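Working notes, beginning with the structure itself.
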Amino acid sequence: MHIDRKAQWAVRQAGLPAIVRRCPDCSSSRHHPSGKIRVNANGKLLDVWLLLTCDGCGRTSKVPVHERVHVSALNAARREAYEANAPAMVRELAMSASLATKNGYRLDWAGTWALETDTPDPDPDGPDPLTVRVSFDLPAPVRVERLLMLGLGLSRTAARRLVAAGRVHLPVPVDGKVHQDFEFTVTGTAPATPGRLVEVPHPVAREVHQDTLVLAAGR
Ligand SMILES: [Zn+2]
């Protein structure tokens, strides 16, 4: 009898993305939030900025969040979060792709996340199918291949072999990136270490019956 094996993986936050834009004072282009949000009121109009610190020289710069927006256009909770420098609001602004686009800078997500798994290195070659649910604490774009390597404890080559053998059922291409919750399945097989799998050309692998593939892999 086949039992569905399930695993929960979580992409946990390890830091905020770097805000990449030129610093006028040094050669660094990486910035991180200073933790402060500046709000200036001019009558009923508000200007709101996210304050940044240059990683290279510590220079402070600001990113416009709202410019001359009427006070009634912002909901009260949001305005209070701006005024209180709420860490959750700083985090939201620092990770905002729309704010980055609007202000013409890039976000660098390297080093912002770590993968946490409930079962360290679940054996992708167990006899039963393995269903993995991946959740994201932050919208860091993560390459699927990298997730497979980290979560299954595989080398890049072994991960590619698993995919080339048609055994990983993904909602996106393996070289694509994901940034939100998704699920994938690894088809079960007879015990064999990934290193012993025979590399089957992709078009063939799709047509070969599972049992045939396993026989080939075992030799
Ligand atoms: Zn600088």
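Values below: every heavy atom of this structure, side chains too, minus hydrogens, waters and symmetry copies. Remember, predicted model here, so these are calculated numbers, not experimental data. Start at 1 and go down the list; that is how both ligands and their atoms are numbered.
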Residues Glu183 and Lys6 bridged, charged N to O under 4.0 Å: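 A salt bridge is absent here (no side-chain N lies under 4.0 Å from a carboxylate O).
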Listed protein N/O/S atoms, distance to the Zn ion (ligand 1) under 2.8 Å: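 Hits for the Zn ion (ligand 1) below 2.8 Å: Cys23 SG, Cys26 SG, Cys54 SG, Cys57 SG.
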Criterion side chain to side chain contact (heavy atoms under 4.5 Å, CB included) on Leu162 and Leu152, from CA distance to verdict: CA-CA 11 Å; Leu162 201 64; Leu152 299 173; 3.9 Å; yes
Exercise: do Tyr82 and His66 side chains pair donor with acceptor under 3.5 Å: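 On atom types as modelled, these side chains qualify, holding a pair under 3.5 Å.
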Side chains of residues 43-56: which donor-acceptor pairs under 3.5 Å do they make with residues two or more places apart or in other chains?
residue, atom, partner, partner atom, Å
Asp47, OD1, Arg68, N, 2.8
Asp55, OD1, His32, ND1, 3.0
Asp55, OD2, His32, ND1, 3.1

Non-neighbouring partners of Ser61 that pass side-chain hydrogen bond (donor to acceptor under 3.5 Å, both in side chains), sequence neighbours left out: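 Only Arg21 meet the side-chain hydrogen bond (donor to acceptor under 3.5 Å, both in side chains) criterion with Ser61.
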Which pairs would a plain distance check flag for residues 129-139, meaning a side-chain donor or acceptor within less than 3.5 Å of a matching protein atom at least two apart in sequence or in another chain?
residue, atom, partner, partner atom, Å
Asp137, OD1, Arg12, NH1, 3.3
Asp137, OD2, Arg12, NH1, 3.0

